[in-house]
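Single-structure report; data block below.
By convention in this document, chain letters (A, B, ...) are assigned in the order of the sequence lines, proteins followed by strands, and residues within each chain are numbered from 1. Reckoned from all heavy atoms, side chains included, excluding hydrogens, waters and symmetry mates. In this text, all values refer to a predicted model and were calculated from it rather than measured experimentally.
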Number of protein chains: 2
Amino acid sequence: MEAVADDDVCTQWSETLRVYHDTSCELENELQARHELGLSEFEVLKILSRRCGDGGGKAKMKDLEAEMYLSQSALSRTVTRLEKDGLVTRATCDFDRRAMFLMLTPSGCERYEAARPTYRTVLERHFGR
Amino acid sequence: MEAVADDDVCTQWSETLRVYHDTSCELENELQARHELGLSEFEVLKILSRRCGDGGGKAKMKDLEAEMYLSQSALSRTVTRLEKDGLVTRATCDFDRRAMFLMLTPSGCERYEAARPTYRTVLERHFGR
DNA sequence: GAAACTTACATGCACGCGCATTGGATGTCA
DNA sequence: TGACATCCAATGCGCGTGCATGTAAGTTTC
């Protein structure tokens, strides 16, 4: 019974790999095609919109980093992209001028809300009932 | 009950993301540090070694591609890397000169066998009992 | 059997990632 | 106060990936 467990971990890993790749590819493609958003970009918007409900969620970079599976540098550039697209604004923090606050712009909020159904649909296709 | 299902798919996806990232990062790091192998490289060796048991498994590129979550171009380059390291050899197929056969070299076989315990250990740490 | 199509693999290219480093701000200790 | 460690974010760099394309070899159609 213990020997069989070896096969199990491989199988579980293969299955995880399959689900991850299928889902992330489709998410990436759909979000890009329909909303001009990468998956990382979307995830940032998602967290920001959760942060402060509606009307401009804000969060520090460090907090975002902790909630995402993205390195500090990758996150920094993702935010740069979002900022360039006008979906997010950076603001220095008064209390700690090393830190940066992020704020969702109205346009960012709008884009996120538009993309959310696409996101859900894809997830439901892969995990749904 | 149906409304809750929406939360479920997100949760399932988050969980998949977490497991995938944690596991693949650790696999990548451990394989690289201990055996100078990337995860993609290892997966190719793994399939090849399964293909024909011991003594030089061989397979066509197309078959490999079908078994991996890797684009055709990425696979081609992965094999180039493996070939450069002497772990694999390319051979043109007599019957179809477009196709390439891949063969595990003794060195490749050895490297794979050495790396396998590392691979298993990591998987067991993440999926085990 | 020649032209049109398809298939297998390699390669140019752009992009996003992680690692390491940098630069500026903050905290600490003597 | 001055020296040093720590922290936050940005950036240089190299790498692996996917997409689009190129090239050569097989297949189909007439």
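Under a 3.5 Å cut-off, the side chain of B:Thr105 and the backbone N or O of B:Leu87 do form a donor-acceptor pair. With A:Arg97 contributing its side chain and A:Thr92 its backbone, the two residues share no donor-acceptor pair below 3.5 Å. Judged purely by atom type and a 3.5 angstrom limit, B:Thr23 has no side-chain atom pairing as donor or acceptor with the backbone of B:Tyr20. Between the side chain of B:Ser76 and the main chain of B:Gln72, no donor-acceptor pair closer than 3.5 Å is present. With hydrogens and angles ignored, the 3.5 Å screen pairs a side-chain donor or acceptor of B:Arg111 with a backbone N or O of B:His35.
Distances from the side chain of B:Met61 to the nucleotides D:dT17, C:dA10, C:dA8 place C:dA10 closest.
Listed in residue order, the members of residues 65-87 of chain A having a heavy atom less than 4.0 Å from DNA chain D are A:Gln72, A:Ser73, A:Ser76, A:Arg77.
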All N/O contacts under 3.5 Å from nucleotides 23-27 of chain C to the protein, with atom names and distances to one decimal?
| unit_1 | atom_1 | unit_2 | atom_2 | d |
| --- | --- | --- | --- | --- |
| C:dT26 | OP1 | A:Arg97 | N | 3.2 |

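Nucleotide C:dC9 holds its P atom 8 Å from the CG atom of B:Asp63, rounded to whole Å. B:Leu17 has its CG atom 15 Å from the C1' atom of C:dC17, to the nearest Å. Atom CG of A:Leu39 and atom C1' of D:dG18 are 15 Å apart (whole Å). If you take CE of A:Met100 and P of D:dC7, they are 20 Å apart, rounded to a whole angstrom. Computed from coordinates, the A:Lys60 NZ to D:dA9 P distance equals 8 Å when rounded to whole Å.
In the hydrophobic clustering of this structure, A:Leu45 does not group with A:Phe101; members are Ile, Leu, Val, Met, Phe, Trp, Tyr whose side-chain heavy atoms approach within less than 4.5 Å, directly or through other members.
A side-chain contact (heavy atoms from CB on, under 4.5 Å) with A:Val44 is found for exactly one of A:Leu64, A:Leu104, A:Leu39, namely A:Leu64.
Classification of A:Arg50 and A:Glu67 as a salt-bridged pair fails, no side-chain N sitting under 4.0 Å from a carboxylate O.
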